[in-house]
Protein chains: 2
Amino acid sequence: MPRDTAADPKQEILRTSARLFQQRGYDATSMNDVAAALKLSKGGLYHHFQSKDEILFEIMNHAMEITQERVLNPLQGIADPEERLRTLIRLHIEVVLSPRDREITVMLHENHPLPPSLRKRINARKKEYVHFLEKLIAEVQQKIRTQKPRGNGSADAAKAKVSPRAAAFALLGMINWIYQWYKPEGDLQAQNLIPQFTELVFGGFFA
Amino acid sequence: MPRDTAADPKQEILRTSARLFQQRGYDATSMNDVAAALKLSKGGLYHHFQSKDEILFEIMNHAMEITQERVLNPLQGIADPEERLRTLIRLHIEVVLSPRDREITVMLHENHPLPPSLRKRINARKKEYVHFLEKLIAEVQQKIRTQKPRGNGSADAAKAKVSPRAAAFALLGMINWIYQWYKPEGDLQAQNLIPQFTELVFGGFFA
DNA sequence: TCGCCTTTACTGCACGGTACGTTATGGCGG
DNA sequence: CCGCCATAACGTACCGTGCAGTAAAGGCGA
């Protein structure tokens, strides 16, 4: 339950820690760094969280919750697979572009020393998302295939058949790579990026 | 000049360091860890490299050279833009999938503490690659536009115009995200992945 | 002889975490 | 209303450990 409560010191610690971990790396960010950024002492920090590990643990849990609530849950009311995929693309990109969500969710994609059980949970969640996306893409492929009968069969023979799995990884790459290049002051923002990426998926790069 | 010389201790140190840095993170990998993995002492390690920083520096330089030699240089003899783009996709994916190149080049995409000058150089190289790709995609768009006259204009009005820039980032995302999900023992390997990703680019996800 | 180590010991520093003291605040009872 | 107490939320000083890097002496093999 990520409540927007700037008055909650624990949330503030998590947010600041996530930002510093992302900027400098987990191991290169000391608890003194985090404390200083919060204008606390280290002792004050340890009043709220038992260890540095616990902070990382909580950040990861929070990041997984964001994806669940912001992306996956709103899709459940959408029956049409194509519409569902379009909405997924939009929602996922919105999470990546949102400053608040970005600094937390980027942590899911970086290599952190995590306890095996947490690492396992995160990997399981990632796999679920991939499978979900894979199935959704398969549905959309099926739908489009029954709506548009194939023409000029011999021209299509040279084209590779794209598996939903490869397509799912490609789409995740397109979206999640945004963490690497996105700039809040750049000219690619939600209102032009989402339509373009959606068009790349549905119309191709050169349609 | 990355020479395939397993007898070159410096190269061996760089390779092993890159692997460990990638697995555990730069800061969480000690010089003792690196030395132990090489069956050396720390003192022996410092005989070859002056500092941990220097090792990281050399790894990064090497990674940039790989991209230049393996991807960009071979493209120069190809006149046709579409052919050039197809080849770029193939070569870039091959780099990511090659065990030797992957463990070095992945370092380019992780958040390491780097001296500002090296960070600046890497960012400049990345930008060059993006610009190169952007221009190439624009050429292909232009070529395809002059070859295939647009039909049913009103049906196209609802489609977003995809800028070469957005397309370039999307393509880089597709390819570079492979670092995140690829498994040497998985069912997606070069011979099926390259055709599928190429098809995704040229034919779309649902063509 | 020289390159390439090993071993040992060390330095200075920074780290995560701990222990204890202090302060501010709220609640309660006389 | 005020004193007292409990507690949360700190701050400071400290601990033990591990780090990058250094130095010196010596060994071994080509």
side-chain N/O B:Ser41 vs C:dT7 OP1/OP2, d < 4.0 Å: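 No, B:Ser41 has no side-chain N/O under 4.0 Å of OP1/OP2 on C:dT7.
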Expressed in angstrom and rounded to an integer, what is the separation of [X] atom [atom1] from [N] atom [atom2]?
X       : N      : atom1 : atom2 : answer
A:Glu54 : C:dG16 : CD    : C1'   : 14 Å
A:Tyr26 : C:dA14 : OH    : P     : 20 Å
B:Asp8  : C:dG3  : CG    : C1'   : 14 Å
A:Leu56 : C:dG16 : CG    : P     : 12 Å
A:Asp27 : D:dT17 : CG    : C1'   : 15 Å
B:Lys42 : D:dA23 : NZ    : C1'   : 12 Å
B:Asn32 : D:dA20 : CG    : P     : 7 Å
A:Asp33 : C:dG17 : CG    : P     : 14 Å

Aromatic ring pairing A:Trp177/B:His109, orientation class (parallel under 30°, perpendicular over 60°, tilted between):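 Perpendicular.
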Quick one: are [X] and [Y] in side-chain contact, heavy atoms under 4.5 Å?
X        : Y        : result
A:Trp181 : B:Lys126 : no
A:Glu134 : A:Val130 : yes
B:Arg125 : B:Ile122 : no

Of residues 44-51 of chain B, the positions that come close to DNA chain C - non-hydrogen atoms, cut-off under 4.0 Å: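 The stretch gives B:Gly44, B:His47, B:His48 as the residues lying under 4.0 Å from the strand, ordered by number.
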Shortest non-hydrogen contact from A:Val34 toward A:Ser17: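 For A:Val34 versus A:Ser17, the nearest heavy atoms are CG1-OG, 3.4 Å.
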A:Asp53 versus A:Tyr26, side-chain donor and acceptor atoms under 3.5 Å: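 Result is yes, a qualifying pair exists.
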Proximal nucleotide (of C:dG17, D:dG11, D:dA20) relative to the B:Met31 side chain: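 Taking heavy atoms from C-beta onward, the closest nucleotide is D:dA20.
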